[in-house]
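For reference, the structure discussed in these notes is given below.
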Amino acid sequence: MTDLTSLTIAGALNKLRAREISALELTEAHLARIERLDPHIRAFLNVTEEFALAQAKAADQARAAGDERPLLGIPIALKDVLSTKGIETTCGSKILKGYHPVFDATSVARLYEAGAVMLGKLNMDEFAMGSSTENSGYFPTANPWNLAHVPGGSSGGSAAAVAANLALATLGTDTGGSIRQPASFCGVSAIKPSYGRVSRYGLIAYGSSFDQAGPFARTVDDVARVLGVIAGPDPLDSTSMPTPVPDYLAALDGELRGLKIGLPAEYFAEGLQPDAETAVRAAVKQLEDMGAEARELSFQHADYCLPAYYIIAMAEASANLARFDGLRFGARVDGADLIDSYKKTRGAGFGEEVKRRIMLGTYTLSAGYYDAYYGKAQAVRTLIRRDFDALFNEVDVLIAPVAPTTAFAFGEVTDDPLRMILADVLTISANLAGIPGLSLPCGFDRAGLPIGLQILGAPFTEERLLQVGAAYQRATAWHLRSPELG
Ligand code: GLN
C-alpha cells in the first residue's frame with residue numbers, strides 16, 4: 001500500500017474521490033508520522049489531533065453526501081502567526097503563551113471552507129523576525145535534509161513539515177522572504193503572493209505593508225490549488241485587492257514558447273554559493289530549451305533594498321507590537337503598577353531579536369529621525385517599485401536564486417545579525433514592490449542540501465509564475481526527491 005504521507009494533494013484527492021482511502025485514514029497516517037518524526041524535526045508547536053480527527057470525519061461524511069470541495073479531507077498545517085479560533089496562537093513568542101483567538105484568520109477560514117483538515121500550528125521565528133527559525137521563543141526546528149542545519153525562516157516549521165511529509169501543504173507568511181527562503185532551504189515549492197492577493201485579516205502583523213500569507217507544498221500544482229482557495233478580496237482587510245482570482249490550475253498547462261525571462265545581474269553577484277549559481281543557470285537553460293528567451297538585465301537600486309526594508313519593517317514592527325502589553329493577549333507578569341506590569345511583561349515575553357527591532361523601529365520613527373530614516377526609506381521604496389515596473393515592461397518574469405547560500409548549520413549565523421539579514425538579500429525586493437515570487441527546488445549542493453529557484457513577476461501575475469514553475473516541474477525531477485527520514 002502506498003505511503004499516504006508521500007502523496008501530493010492532487011494524488012490524495014484522486015484516491016479520496018475514488019474511495020480508495022478516507023480522509024480519516026489520511027489524517028491518521030499524518031498524525032502517526034508526526035508522532036514518530038516530529039520529536040526530531042520539531043516543526044509543530046502544537047498538534048491539534050482531536051480537532052483534525054473531527055474535521056476528517058466531517059470531510060468523509062460530506063464526501064459520502066456528494067461534496068467535492070477542492071481540499072476536502074486534505075491534511076494541512078498552519079504557521080502559528082495565523083489566528084485560529086479557540087486554538088492557541090503564539091506567533092512563536094512567549095508573550096502570546098496561552099492566547100486563544102476568538103476568530104479565524106480569513107486564509108484559515110477559507111481553507112476550512114474548502115474542506116481542509118488542520119493538523120496543528122507550526123514553529124516560526126518569534127513574530128516572523130528571522131531567517132532560520134532559531135529565533136523561535138520555544139525551540140528551533142531542524143532541516144529534514146540534515147538535522148544539524150536550519151530549515152530557514154521565519155516560516156521554518158511550514159517548510160520543514162512539507163519536506164518531511166508531515167502535512168500535504170502548509171501556510172506560511174512572507175514579509176521579507178519568509179516563504180521563499182525556507183522553501184528553498186527545505187526543497188519544497190511555495191509562493192509569496194502579490195501584496196493584497198491574500199487577506200491579512202487574522203495574520204498577526206509584523207510589517208503590515210509587506211506581510212503576505214501563502215502556501216507551501218510538494219509541487220507547483222499543489223501550490224496553485226491552495227492559493228486558489230485562500231486568494232481573493234476580503235471585506236475584513238481593506239488592503240486586499242478586488243482583482244478577480246484566476247483559475248490557477250487551468251493556467252498550469254500553458255507553453256513557455258516566447259516567454260521573456262530577465263536575469264538581473266545584481267542577483268548573481270559575489271557571495272552567491274557557486275553550486276547555487278550553477279543550479280539556477282541550469283534551470284534557466286532548461287526553460288530556454290522549452291522555448292523561453294532569457295537575457296541579462298540590471299536592477300538599478302538593488303543595493304538599497306536591504307536598508308530600506310529593515311528601516312520600514314522595524315518601524316512597522318515597533319508600532320504593531322505595542323499592543324502586546326499583558327492586558328489584552330496572552331501572558332502577563334504583574335508588577336507594582338501598570339507601567340511596571342508593561343515593562344515586566346514585555347521584558348520577559350519578548351526575545352532578544354524582537355526587542356532589538358522594537359528599539360530600532362522606535363528610534364527611526366522618533367521626532368528628528370523620522371525624515372532622515374523612515375521618510376527616506378519610503379522614497380527609496382518607490383524607486384525600487386519603479387525599477388521593477390521598468391523591468392516588467394521588458395520581460396515577463398525575472399529569475400534569480402532564492403538565497404545566496406543553502407541551509408546553514410545551527411549556530412553558524414546566530415551571533416552575526418548582519419549575516420542573518422543577508423540571507424534575505426535576494427527576496428526582500430519583492431516585498432518592497434509588493435510583487436509575487438515563487439520558490440521551487442532546482443538542485444542540490446555538494447553537501448546534499450536543496451537549492452531554490454526564484455521566479456518573480458509583475459503584481460497579480462501569480463498565474464504566470466505558477467505556469468512557468470509547473471512547466472519546469474514537468475521537465476525535471478528535483479521536486480520529487482524526499483529526505484531520508486526512515
Ligand atoms: N528575515 C526577514 C526579517 O527578519 C524576513 C522575515 C519574514 O519574511 N517574515 O525581517
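Every number for a ligand or one of its atoms is a count from 1 in the order of the listing. None of these values were measured; they are calculated from a predicted model. Excluded from the calculations below are hydrogen atoms, water molecules and symmetry mates; all remaining heavy atoms, backbone and side chain alike, are included.
Between G130 and ligand 1 there is a heavy-atom distance shorter than 4.0 Å. Contact annotation: R357 has at least one heavy atom less than 4.0 Å from an atom of ligand 1. Residue contacts with ligand 1: F210 is excluded, as none of its non-hydrogen atoms falls under 4.0 Å.
A side-chain donor from one of N320 and S208 sits under 3.5 Å from a side-chain acceptor of the other. Side chain to side chain, E126 and T90 fail the donor-acceptor criterion of an N or O pair below 3.5 Å. Between the side chains of R381 and S209, at least one donor N or O sits under 3.5 Å from an acceptor N or O. No hydrogens or angles considered: a donor-acceptor pair under 3.5 Å links the side chains of S154 and K79. A donor-acceptor contact closer than 3.5 angstrom is absent between the side chains of N46 and Y138. No donor-acceptor contact under 3.5 angstrom links the side chains of R200 and Q212, judged on distance only.
Note: an N/O pair closer than 3.5 Å links T175 and ligand 1 by distance alone.
Around atom 6 (C) of ligand 1, the closest heavy atom drawn from S178, S155, G177 belongs to S178. Here the shortest heavy-atom distance to atom 8 (O) of ligand 1, taken over G152, G176, S131, belongs to G176.
Residue-level proximity to ligand 1 for Y206 is carried by the side chain, the only part with a heavy atom below 4.0 angstrom. By the criterion of a heavy-atom distance under 4.0 Å, neither the backbone nor the side chain of M314 is placed next to ligand 1. With a heavy-atom cut-off of 4.0 Å, D424 touches ligand 1 through its side chain alone. Contacts with ligand 1 closer than 4.0 Å are made by side-chain heavy atoms of S154 only, the backbone lying farther away.
With respect to atom 5 (C) of ligand 1, the closest heavy atom belonging to the protein is Y309 OH, 3.4 Å.
Ionic pairing of K121 and D80 is present here: one or more N-O contacts between side-chain nitrogen and carboxylate oxygen are shorter than 4.0 angstrom.
Applying side-chain contact (heavy atoms from CB on, under 4.5 Å) to L456 and the options T427, L426, I435 leaves one that passes, I435.
Close approach of ligand 1 to M129 (heavy-atom distance below 4.0 Å) involves ligand atoms 4 (O).
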